[in-house]
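Here the structure is laid out as structure tokens; the discussion comes afterwards.
In what follows, every chain begins at residue 1, and chains take the letters A, B, ... in the order their sequences are listed.
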Amino acid sequence: MPELPEVETIVRDLRPRLHARRIAAVWVGEKSLRRPYDPQWTPKLIGRRIKSLSRRGKWIVLCLDKNVYLVFHLGMTGQLTVVSRKEPVLPHTHLILRLKPFGRDPAEEPSRQLRFRDIRRFGSITFFADETKLMEFFNQSHLGPEPFGLDSIYWQNCLARTSRCLKAVLLDQRVLAGIGNIYSDEALFEARLHPKRMGRNVGSKEASRLRRAILTVLNRAIEKRGSSIRDYVSGNGNRGEYQEEFRVYGRFGEPCPRCGRPIRRIRLAGRSTHFCPGCQRQT
DNA sequence: ACAGGATCCTGGGGGC
DNA sequence: TGCCCCCAGGATCCTG
């Protein structure tokens, strides 16, 4: 489900709601996620103060005091929200952290909870006992660089040395972290490149066009608070709006907004792939 | 090295 | 109403 813009939106929404909070209690659901929750994590979480919330690719990193971390991946249907404890707990909720204010003004506001919900359970929650372990985790999964600030030489080399098609390269988190099926299609359309084009056949001008297209699409999607097709909600529990701006994704058969030819859908890199046969030539 | 398929899950939609 | 099939924003493992 959520790709970089959705995860970024969630993190931005949740930050102020997690500010000056401490974890007072932990509730864990019965069903296991992609990685099972180890009950030994619970005592290490209780009492911890929330220091920061950040994003790395599609991963959400909750940094706590005593240098411990809780890392979330939302898979396809994951939702991470902070709500009043009075909100009904929806089905498929797998983790609830009860949060307590600390410092002066322990105001009267109802106590909040950080909730992780995931219908399909492709998501995960992982605890790290220190920063080194967290770094090891990202290194072992060979998580690539962030798209923002992507080095153009690195990007050119990634394309130049692969025979894979552009669609597969964009989806590969080891090359670039954060892009998924929606934004790969939208970026390729923006760059006017056919998803089947082989990396090494892409010239340096085209490579830099694609790099800029990725940034354009991601920035615009973040401005629109992500795309909600079905399950995605932001940290406020609200839907995004970028789905209104898709130019190819999910629009097969509809006229291309640039040239009017019908958008096509094919299967590529195991995923449904949308493109305009007029604007994105294979050559 | 890479493509393609299957797998982990639940739920929605379409066809009959 | 029910059943069956296909589809879905991700990641990972296996085969050829």
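- For the residue pair A:S234 and A:R225, a side-chain donor N or O sits within less than 3.5 Å of a side-chain acceptor on the partner.
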Test log, rule ring pair (Phe, Tyr, Trp, His ring centres under 6.0 Å), inputs A:F72 and A:F116: CA-CA 9 Å; A:F72 299 87; A:F116 181 82; 5.7 Å; yes

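- We find that CZ of A:F252 is positioned 12 Å from C1' of C:dA8, with the value rounded to whole Å.
- Here A:T77 does not reach the OP1 or OP2 of C:dA8: none of its side-chain N or O atoms lies under 4.0 Å away.
- Protein atom CZ of A:R230 is 14 Å distant from nucleotide atom P of B:dT10, rounded to whole Å.
- Ring geometry for A:H92 against A:H94 counts as tilted: the plane angle lies between 30° and 60°, on a 0 to 90° scale.
- The phosphate of C:dG9 has OP1 or OP2 within less than 4.0 Å of a side-chain N or O from A:Y249.
- Counting only distance, with no hydrogens or angles, the side chain of A:H19 and the backbone of A:R17 share no donor-acceptor pair below 3.5 Å.
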Nucleotide N/O of nucleotides 11-16 of chain C paired with protein N/O under 3.5 Å:
unit_1	atom_1	unit_2	atom_2	d
C:dA11	OP1	A:H73	NE2	2.9
C:dA11	OP2	A:K58	NZ	3.0
C:dA11	N3	A:R34	NH2	3.0

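- Residues satisfying the side chain to side chain contact (heavy atoms under 4.5 Å, CB included) test with A:F128, not counting sequence neighbours, are A:Y69, A:V71, A:T126, A:K133, A:L134, A:F137.
- Stem analysis of DNA chain C (Watson-Crick or G-U pairs, both distances under 3.5 Å, runs of at least three) returns B:2-8 with C:10-16, B:10-16 with C:2-8.
- At most 12 heavy atoms of other shown residues, nucleotides or ligands fall within 6.0 angstrom of atom CZ in A:R281.
- One interatomic measurement links the two molecules: CZ of A:R121 to P of B:dC9, which rounds to 6 Å at whole-angstrom precision.
- In this structure, A:D231 places its CG atom 17 Å from P of B:dC9, rounding to the nearest Å.
- Heavy-atom neighbours of A:R174 CZ from other residues, nucleotides or ligands within 6.0 Å: at or below the threshold of 12.
- At whole-Å resolution of the value, CZ in A:R120 and P in B:dC9 are 11 Å apart.
- As rounded to whole Å, 9 Å separates atom C1' of B:dT10 from atom NZ of A:K31.
- Of the residues A:Y183, A:Y232, A:Y242, the one that meets the side-chain hydrogen bond (donor to acceptor under 3.5 Å, both in side chains) test with A:E6 is A:Y183.
- A:F122 has its CZ atom 8 Å from the C1' atom of B:dT10, to the nearest Å.
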Just the atom pairs and distances: protein N or O near nucleotides 1-5 of chain B's N or O, under 3.5 Å.
unit_1	atom_1	unit_2	atom_2	d
B:dC2	OP1	A:T162	OG1	2.7

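- For the C1' atom pair drawn from B:dA3 and C:dG9, the interatomic distance equals 22 Å after rounding to whole Å.
- In this model, the phosphate group of B:dG11 is approached by a side-chain N or O of A:H92 to a distance below 4.0 Å at OP1 or OP2.
- A donor-acceptor pair is defined here as one N or O able to donate and one able to accept, closer than 3.5 Å; no such pair exists between the side chain of A:D172 and the backbone of A:A168.
- Take A:R251 and apply the salt bridge (charged side-chain N to carboxylate O under 4.0 Å, His left out) test, not counting sequence neighbours, and it matches A:E254.
- Looking at A:D185 and A:K167, a side-chain N of the basic residue comes within less than 4.0 Å of a carboxylate O on the acidic one, giving a salt bridge.
- Within 4.0 Å of A:I229, counting heavy atoms only, lies at least one base atom of the nucleic acid.
- Rounded to whole Å, the P atom of C:dC6 lies 14 Å from the corresponding atom of B:dG5.
- Using a 4.0 Å cutoff on non-hydrogen atoms, no part of residues 143-158 of chain A comes near DNA chain C.
- Judged by distance alone, the side chains of A:R85 and A:S111 do bring a donor and an acceptor atom under 3.5 Å apart.
- In this structure, A:E6 places its CD atom 7 Å from C1' of C:dG9, rounding to the nearest Å.
- Under the salt bridge (charged side-chain N to carboxylate O under 4.0 Å, His left out) rule, A:E8 has a single partner from A:R55, A:R15, A:K58, which is A:R55.
- To the nearest 0.5 Å, atoms CG (A:N201) and CG (A:L159) are separated by 11.0 Å.
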